[in-house]
Amino acid sequence: MGNKKRASNSNEADTSNCYEGERLSRLLKSIHRGIESAKLLELNSLPEKFWYKQQFAVGVNEVTRVLERMPPAAKEIERPTKQHRAFCTNPKAPVVNLQAVLLASDCHPKWLTKHLPSLASSRNVSVIHLKDQKGGSLRLGELVKVKTAMALGIKARGNDVNEIVERILRGHEACLKEEDAQESTELGE
């Protein structure tokens, strides 16, 4: 009986962080706006490709690598311990924290991304599932100027993208609707 209760709780968590249809479109639009404003605010001379690499972990392999380098959530410390470094593939690599992982649900075979939700939860990183009949991996790839991306990790850098994702994770989706309404009135004028 306890297993059924746990299963229903995990399903509830999945549906709250599952975006599809109009809700998905608003999410992707707001993240895209955040990316554009962050690029404008960070007037650095990095080429676009390198800027995206600093802000995002693109693809299942890179997201997995970044998550594995993060210290486990049970240990509330800033720096990885010596024991943690022993398990890292590159112990001298700087630890970069992910704020959230966007995961496309149109991945086939499913086992390619099956490990990411449990790995992310062990590091206290939220997972947002994207379900789209048009191809979530295509739409996710458009955000970072690649053809497709089954997984996209948003690195915690303190920019506009992080602020938008934080509002989404806190459940303030009304802000996204207001931004869309404001943008459509500006375009209409």
Side-chain angles (χ1 to χ4, degrees), residues 7-39 48-49 51-68 70 96-157 159-180 183-184:
S8 67
N9 286 344
S10 66
N11 288 342
E12 288 173 14
D14 287 346
T15 57
S16 67
N17 279 340
C18 181
Y19 288 77
E20 55 187 322
E22 186 61 34
R23 190 172 173 221
L24 173 62
S25 295
R26 282 194 307 270
L27 171 80
L28 294 175
K29 268 187 194 177
S30 63
I31 291 175
H32 182 69
R33 278 195 302 268
I35 289 170
E36 294 303 317
S37 66
K39 283 192 322 191
E48 189 174 52
K49 182 178 179 179
W51 186 87
Y52 279 113
K53 280 285 204 187
Q54 282 187 342
Q55 307 303 319
F56 302 101
V58 182
V60 175
N61 288 341
E62 191 174 346
V63 169
T64 302
R65 193 176 306 118
V66 172
L67 285 171
E68 286 176 343
M70 289 175 61
V96 178
N97 289 330
L98 290 182
Q99 179 184 20
V101 174
L102 302 177
L103 194 59
S105 65
D106 63 338
C107 170
H108 296 290
K110 294 283 185 199
W111 57 265
L112 288 174
T113 59
K114 192 174 183 178
H115 67 285
L116 286 176
S118 61
L119 183 59
S121 70
S122 73
R123 306 306 200 249
N124 273 351
V125 175
S126 300
V127 177
I128 299 172
H129 296 274
L130 307 178
K131 292 185 178 182
D132 189 13
Q133 293 176 355
K134 299 174 187 174
S137 60
L138 290 170
R139 294 180 76 180
L140 200 53
E142 288 175 0
L143 283 177
V144 291
K145 310 268 186 190
V146 296
K147 187 174 180 181
T148 62
M150 289 188 279
L152 182 69
I154 300 173
K155 295 179 182 177
R157 299 281 187 197
N159 58 24
D160 287 351
V161 177
N162 297 121
E163 290 176 22
I164 290 169
V165 171
E166 187 62 33
R167 280 189 278 168
I168 291 165
L169 294 175
R170 288 185 182 165
H172 299 140
E173 289 185 49
C175 298
L176 299 180
K177 292 177 185 176
E178 291 172 10
E179 288 174 3
D180 283 343
E183 183 178 296
S184 62

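Just so you know, these numbers use all the heavy atoms, side chains as well, and skip hydrogens, waters and symmetry mates. All values reported here derive from a predicted model rather than from experimental measurement.
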Quick check for you: to the nearest 0.5 Å, what is the distance between I168 atom CD1 and S30 atom OG?
4.5 Å
Residue pairs meeting side-chain hydrogen bond (donor to acceptor under 3.5 Å, both in side chains), one or both in residues 102-113, sequence neighbours left out, come to D106-S137
Minimum heavy-atom separation for D160 to A38, with atom names?
OD2-N, 4.1 Å
Quick test of your reading of the model: are R170 and E166 salt-bridged, counting only N-O distances below 4.0 Å?
yes
Worked verdict on R139 versus E142 for salt bridge (charged side-chain N to carboxylate O under 4.0 Å, His left out)
CA-CA 5 Å; R139 294 180 76 180; E142 288 175 0; 5.4 Å; no
Is any side-chain heavy atom of N97 less than 4.5 Å from a side-chain heavy atom of Q99?
no
For side-chain contact (heavy atoms from CB on, under 4.5 Å), just list the numbers for F56 and V161, CA-CA rounded to whole Å, side-chain angles, deciding distance to a tenth of an Å, and then say yes or no.
CA-CA 10 Å; F56 302 101; V161 177; 4.2 Å; yes
Taking side chain as C-beta onward, heavy atoms only, is L112 less than 4.5 Å from M150?
yes
When rounded to the nearest 0.5 Å, the distance separating NE2 of H32 from CD1 of I164 is 11.0 Å
Nearest 0.5 Å, what's the CG-CZ distance between N162 and R157?
9.0 Å
Only one of I128, L102, L28 clears side chain to side chain contact (heavy atoms under 4.5 Å, CB included) with Y19; which?
I128
What's the spacing between E22 CD and L27 CG if we round to 0.5 Å?
11.5 Å
Any non-hydrogen side-chain atom of I35 less than 4.5 Å from a side-chain atom of W51?
yes
Step-by-step side-chain contact (heavy atoms from CB on, under 4.5 Å) determination, L116 to V60
CA-CA 8 Å; L116 286 176; V60 175; 4.3 Å; yes
Do L152 and V58 come close enough that some side-chain heavy atom pair is under 4.5 Å?
yes
Once rounded to the nearest 0.5 Å, what's the spacing between atom CG of L143 and atom CG of L138?
12.0 Å
Which heavy atom of V125 sits nearest to which heavy atom of A100, and what is that distance?
CG1-CA, 3.7 Å
I154 side chain near Q55 side chain, heavy-atom distance below 4.5 Å
no
Point-to-point distance, once rounded to the nearest 0.5 Å, from OH of Y52 to NZ of K155
14.0 Å
What I'd like to find out is whether the side chain of K131 reaches to under 4.5 Å of the side chain of L24, using heavy atoms alone.
no
